[in-house]
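If you're wondering where the values come from, they're calculated on a predicted model, not measured in any experiment.
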Amino acid sequence: MILYKQEICDKDKGDCLRACIATVLQIPIKSLPNFHTNRFFLDWMKLLGNFGIELRYGKSCWIQGYWIASVPSKNFKGVKHSIVMKGQLVFFDPSPKKKYKVGMNLLLSHSFFVEGGYTFIIGDIEKISNLFTATN
């Protein structure tokens with residue numbers, strides 16, 4: 001699995017969510033925009049919807065597969081950060097600086113860190129192939 005690190009580590013314009021989405025979907029990070037506005041979630045939903053993927057966010061996000069957790073940044077006070085989870089364990093932190101430890105169980109001892117999470121649902125299987133042709 002290719003792990004995409006953040007290319008922008010800035011409290012106002014960081015691209016940790018973009019790096020996590022690229023990692024989970026296994027598409028090049030440079031082929032994705034960096035939506036960093038107050039409507040970033042809607043922008044991601046629209047973009048991924050074009051490829052048959054529904055992006056969901058919620059507090060009850062603990063699934064067995066890969067998902068993206070929203071946690072406090074270890075680099076910027078009062079800022080949220082995105083990391084890739086696999087079940088209860090930290091799978092990958094795209095930060096180039098201070099990171100969440102891989103393998104750390106956030107459900108058992110640190111569930112208060114997780115403010116919510118993003119999961120992916122295949123909404124239209126016929127559009128999935130468009131994702132890979134558009135990003136290569």
With [X], which residues qualify under side chain to side chain donor-acceptor pair (under 3.5 Å), at least two apart?
X: K101; result: none
X: Q88; result: N105
X: N75; result: S95
X: D124; result: none

Quiz item: Who else is in L89's hydrophobic cluster (ILVMFWY, side-chain heavy atoms under 4.5 Å, direct or via others)?
Solution: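 Members other than L89 - counting any ILVMFWY side chain reachable under 4.5 Å - there are none.
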Self-check item: Co-members of V79 in a cluster of I, L, V, M, F, W and Y side chains, linked at under 4.5 Å
Solution: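 Reading the cluster by chain and number, V79 sits alongside F76.
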[X] vs [Y] side-chain heavy atoms within contact, under 4.5 Å:
X: Y66; Y: C20; answer: no
X: T119; Y: Y57; answer: no
X: I121; Y: I53; answer: no
X: D93; Y: V71; answer: no

Practice problem: Sort and list the pairs that fulfil ring pair (Phe, Tyr, Trp, His ring centres under 6.0 Å) and have at least one residue in residues 6-39, not counting sequence neighbours. | Solution: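 Sorted pair list: F35-W44.
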Practice problem: Can you run down the ring pair (Phe, Tyr, Trp, His ring centres under 6.0 Å) pairs that involve residues 8-29, sequence neighbours left out, and say none if there aren't any? | Solution: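 Passing the test, one end in residues 8-29: no pairs.
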Taking all non-hydrogen atoms of both residues into account, name the closest pair between [X] and [Y] and its distance.
X: F91; Y: M1; result: CE2-SD, 3.3 Å
X: C16; Y: P94; result: O-CG, 3.9 Å
X: I2; Y: T23; result: O-CG2, 3.7 Å

Quiz item: Who passes salt bridge (Lys or Arg N to Asp or Glu O under 4.0 Å) against K77, sequence neighbours left out?
Solution: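 If we apply the salt bridge (Lys or Arg N to Asp or Glu O under 4.0 Å) test to K77, skipping adjacent residues, there are no hits.
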Practice problem: Under the salt bridge (Lys or Arg N to Asp or Glu O under 4.0 Å) rule, collect the residues that match up with K80, sequence neighbours excluded. | Solution: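 Partners of K80 by the salt bridge (Lys or Arg N to Asp or Glu O under 4.0 Å) criterion, ordered by chain and then number, come out as E115.
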Under 4.5 Å between side-chain heavy atoms, hopping through other hydrophobics if needed: is there a path connecting [X] to [Y]?
X: F40; Y: M45; answer: yes
X: L32; Y: Y4; answer: no
X: V114; Y: L107; answer: yes
X: L48; Y: I128; answer: yes

Practice problem: For the pair I68 and M85, evaluate side-chain contact (heavy atoms from CB on, under 4.5 Å) and give the outcome as yes or no after the intermediate values. | Solution: CA-CA 6 Å; I68 300 170; M85 301 286 294; over 6 Å; no
Practice problem: Decide if atom NZ of K5 counts as having more than 12 heavy atoms of other residues, nucleotides or ligands within a radius under 6.0 Å. | Solution: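 No - once you tally the heavy atoms of other residues, nucleotides and ligands closer than 6.0 Å, there are 12 at most.
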Quiz item: If you draw a 6.0 Å radius around NZ in K86, do more than 12 non-hydrogen atoms from other residues or ligands fall strictly inside?
Solution: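 No, not enclosed.
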Self-check item: Side-chain (S70) to main-chain (G116) donor-acceptor, under 3.5 angstrom
Solution: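 No, because the side chain of S70 does not come within donor-acceptor range (under 3.5 Å) of the backbone of G116.
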Kindly compute the distance separating [atom1] ([X]) from [atom2] ([Y]), expressed to the nearest 0.5 Å.
X: I122; Y: E54; atom1: CD1; atom2: CD; result: 10.0 Å
X: I83; Y: L17; atom1: CD1; atom2: CG; result: 12.5 Å
X: W67; Y: Y118; atom1: CH2; atom2: OH; result: 11.5 Å
X: H81; Y: K97; atom1: NE2; atom2: NZ; result: 12.0 Å
X: S129; Y: F51; atom1: OG; atom2: CZ; result: 10.5 Å
X: L55; Y: L25; atom1: CG; atom2: CG; result: 9.0 Å

Exercise. Determine, stepwise, if the pair F120 / V24 fulfils side-chain contact (heavy atoms from CB on, under 4.5 Å).
Key: CA-CA 9 Å; F120 302 90; V24 172; 3.6 Å; yes
Quiz item: Tell me the side chain to side chain donor-acceptor pair (under 3.5 Å) pairs involving residues 12-21, sequence neighbours left out?
Solution: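 Qualifying pairs: E7-R18, D15-R18.
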Quiz item: Does anything in residues 32-43 pair up under salt bridge (Lys or Arg N to Asp or Glu O under 4.0 Å), and if so which pairs, sequence neighbours excluded?
Solution: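 Non-adjacent pairs meeting salt bridge (Lys or Arg N to Asp or Glu O under 4.0 Å): R39-D43.
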